[in-house]
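The structure appears right after this line, and notes come after that.
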Amino acid sequence: MGLIAGNVVPIGPAYAQGAADKIVVAHRGASGYLPEHTLPAVAMAYAMGADFMEQDVVMTRDDQLIVWHDLTLDRNTDVRHQFPGRARADGRHYVVDFDLDELRQLRVTEGYRLTASGEEEQIYPQRFPLWQGNFRIHTFAEQLEMVQGMNRSSGQDTGIYPEIKSPAFHHDNGKDISTAIISELKRFGYTSKDSNLFVQTFEFDELKRVHDEVLPALGVDLKLVQLMGDDEGYQWMLSASGMRELAQYADGVGPEKGMIINPASTRDDLIISSLVSDAHQAGMQVHPYTFRQDEGQIPGYADDFEHMLELFFFEANVDGLFTDFPDRAVDFLREHD
Ligand code: CA
């Protein structure tokens with residue numbers, strides 16, 4: 001398949017000014033409706049009008065990049081039946097221990113866990129049924145071909161939002177996943193900060209290395225996003241000076257949403273941190289994760305999913321967000337505009 005030259009978007013202000021500038025990132029595709037990171041889930045999210053398709057990217061034993069969330073295969077495939085004896089000591093089957101040809105044999109399904117008695121229990125019980133349909137693992141290149149192909153056929157310009165998954169783990173297993181991902185992006189025409197993508201990772205040391213070494217070595221310059229969890233490793237970032245330090249390397253931050261609106265907030269007392277304003281003052285966008293409408297996923301301070309979106313987009317003033325239900329966020333922003 002031919003490659004389409006980079007999708008160019010105009011450089012706008014550092015952060016979103018109104019509803020029309022705010023973005024919806026389809027978290028693992030339209031993962032609220034179809035098994036995550038499958039090509040059907042990508043097509044659905046694209047048709048729903050999400051601005052960006054998210055790809056978590058993991059490397060195989062034979063150095064192929066696949067779109068996959070976990071380092072392991074156990075949560076949403078039949079690997080334990082197809083490849084008995086291939087688990088590590090912790091009982092898990094790791095992507096990095098399998099070749100792409102083997103991974104393509106696996107059936108992919110909704111996330112599940114095994115109960116103490118060995119029963120499969122679906123993690124989000126209201127979502128697409130376990131083991132229904134025929135879903136498969138695909139490569140990063142296959143998804144980029146699909147998004148670029150749909151951009152061609154629809155005339156739209158949907159972006160991509162790849163995550164470098166656990167770079168330290170990959171280094172420990174002899175893999176430079178960042179260089180592999182950036183090389184693939186370059187091959188697909190994503191070469192500058194004008195290209196319609198963000199590259200995200202949780203590991204600051206690697207973000208810095210990508211910025212200082214990997215991008216220059218490949219002769220490209222891409223927008224980078226520092227993901228943040230609500231734990232100690234990220235505390236230094238959470239101040240005006242921390243954000244200024246981060247902004248030397250990153251164009252945006254992707255915090256867990258509880259770091260912006262305190263989950264202990266009530267309807268009458270919304271506790272909003274300085275994270276968004278600190279990031280904006282440092283010139284960075286803010287794209288929190290993950291917005292879900294499933295049972296138990298709406299914080300007590302919000303009436304419903306749309307109210308939660310309203311609070312984040314227009315009270316906390318985030319520039320975009322990751323959601324498993326991109327149609328709902330797209331509709332919300334359109335109606336608000
Ligand atoms: Ca991710």
Side-chain angles (χ1 to χ4, degrees), residues 23-39 41-42 44-46 50-59 65-77 94-96 108 110-111 123-124 127 137-140 142-144 147 158-170 177-178 180-182 184-185 190 196-204 206-207 210 222-231 233-234 237 250-260 285-292 294 297 312 318-326 329:
I23 63 160
V24 175
V25 184
H27 184 247
R28 312 181 196 171
S31 59
Y33 303 100
L34 283 165
E36 67 184 44
H37 287 325
T38 60
L39 288 175
V42 176
M44 188 174 192
Y46 192 103
D51 300 289
F52 289 84
M53 300 293 131
E54 190 211 18
Q55 303 83 27
D56 293 305
V57 184
V58 176
M59 200 175 237
L65 298 173
I66 63 167
V67 179
W68 196 248
H69 179 269
D70 298 358
L71 294 175
T72 55
L73 298 155
D74 304 86
R75 179 172 57 92
N76 36 14
T77 75
Y94 284 76
V95 172
V96 74
V108 174
E110 272 289 322
I123 293 170
Y124 292 105
R127 292 191 178 185
I137 286 175
H138 65 280
T139 65
F140 186 40
E142 286 163 351
Q143 184 165 149
L144 296 182
V147 172
T158 298
I160 59 168
Y161 211 130
E163 178 179 347
I164 306 169
K165 294 302 286 190
S166 304
F169 171 88
H170 281 93
I177 188 175
S178 297
I181 289 174
I182 304 297
E184 196 73 323
L185 290 170
Y190 301 97
N196 198 7
L197 84 161
F198 293 91
V199 177
Q200 45 166 340
T201 191
F202 274 102
E203 296 181 12
F204 173 70
E206 188 73 359
L207 183 95
V210 168
L222 304 173
K223 293 194 290 288
L224 302 178
V225 166
Q226 172 68 52
L227 299 172
M228 298 173 174
D230 193 5
D231 52 70
Y234 301 96
M237 301 174 185
D251 303 274
V253 295
E256 199 285 317
K257 65 184 187 302
M259 300 169 74
I260 295 175
Q285 299 189 37
V286 182
H287 304 153
Y289 63 90
T290 302
F291 291 77
R292 300 185 168 111
D294 308 271
Q297 297 290 316
F312 274 87
V318 303
D319 305 284
L321 47 77
F322 292 84
T323 178
D324 294 357
F325 300 90

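Not measured: the values here are computed from a predicted model. Each ligand, and each atom within it, is numbered from 1 in the order the structure gives.
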Note to self: Please determine whether ring-ring contact (aromatic ring centres under 6.0 Å, His included) holds for the pair His27 and Phe325, giving the CA-CA distance in whole Å, both sets of side-chain angles, and the decisive distance to 0.1 Å.
What the structure shows: CA-CA 8 Å; His27 184 247; Phe325 300 90; over 10 Å; no
Next item on the list: Start with the C-alpha distance between Phe52 and Phe198, add both sets of side-chain angles, then the distance that settles ring-ring contact (aromatic ring centres under 6.0 Å, His included), and finish with yes or no.
Entry: CA-CA 9 Å; Phe52 289 84; Phe198 293 91; 5.4 Å; yes
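- Contact annotation: the side chain of Glu36 approaches that of Arg75 to within less than 4.5 Å [non-hydrogen atoms, C-beta and beyond].
- Cation-pi check for Lys257 over Phe291 is met; the charged atom lies under 6.0 angstrom from the ring centroid and within 45 degrees of its normal.
- Listed by chain and number, Glu54 OE2, Asp56 OD1, Glu163 OE1 are the protein N/O/S atoms closer than 3.0 Å to the Ca ion (ligand 1), with waters left out.
- Aromatic ring orientation, Phe169 versus Tyr94: parallel (interplanar angle below 30°, classes split at 30° and 60°).
- Considering only heavy atoms from C-beta on, Glu184 comes within 4.5 Å of Leu65 through its side chain.
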